[in-house]
Amino acid sequence: MHELSYATAMLDAILNSIKKEEEKGRKIKKVSEINLEIGELTFINVEQLKFAFDVIAEGTVCKGAKINVEFIKPKCKCLDCGYEGDVKIVDEFEIYCPKCNSMRLRLSGGKEFNIKNITVEFEDKI
């Protein structure tokens, strides 16, 4: 389950970012939303990712954060017919040119895993 390693990396990145903000004197009470960009070629199961994140975020400001995902489609250039555009994905190991069914492709994109932004709630200053 590689979703756990992605969830752990997400949590670490967010908590490190929060720590930097708190060093500047901005106290964050809660992370309410996390917006991700995930490439389709990562083959991440989003429900497993959310579950893993919920488990490891327990006891942190990220507990209960809503996770939104925008998928990024991979693009290809076929080395046989010259087609450029979307790929045909059958499963993790079979990616074809949609025009000629060749597997000789130069891929771009589709492997991203980015935290696009997060929504936080700050503690009120008295």
_I'd like to know if K73 pairs up with E40 as an ion pair, taking the criterion as any Lys NZ or Arg NE/NH1/NH2 lying under 4.0 Å from an Asp or Glu carboxylate oxygen._
yes
_To the nearest 0.5 Å, what is the distance between CZ on F113 and CE on M10?_
5.5 Å
*Look at the side chain of N114 and the backbone N and O of K116, then say whether any donor-acceptor pair between them is shorter than 3.5 Å.*
no
*asked:* What's the separation between atom CD1 in I34 and atom CD1 in I67, rounded to the nearest 0.5 Å?
replied: 5.0 Å
*Does K88 NZ have over 12 foreign heavy atoms under 6.0 Å away?*
yes
_Salt bridge flag under 4.0 Å for residues E23 and K20_ = no
_I'd like to know if R104 pairs up with D80 as an ion pair, taking the criterion as any Lys NZ or Arg NE/NH1/NH2 lying under 4.0 Å from an Asp or Glu carboxylate oxygen._
yes
*asked:* If I take atom NZ from residue K63 and atom OG from residue S32, how far apart are they, to the nearest 0.5 angstrom?
replied: 15.0 Å
_Taking the side chain as everything from C-beta on, heavy atoms only, tell me whether I38 gets closer than 4.5 Å to L49._
yes
*asked:* Heavy-atom count check: over 12 atoms from other residues, nucleotides or ligands less than 6.0 Å from K77 NZ?
replied: no
*Please check if the side chain of T8 supplies one atom and the backbone of L4 the other of a donor-acceptor pair under 3.5 Å.*
yes
*Any sub-3.5 Å donor-acceptor pair from E112's side-chain atoms to G110's backbone N or O?*
yes
*Could you tell me whether the side chain of I115 reaches within less than 4.5 Å of the side chain of S17, counting heavy atoms only?*
no
*Interatomic distance, C62 atom SG to D54 atom CG [nearest 0.5 angstrom]*: 10.5 Å
*Do side-chain atoms of K30 reach the backbone of T119 as a donor and acceptor pair under 3.5 angstrom?*
no
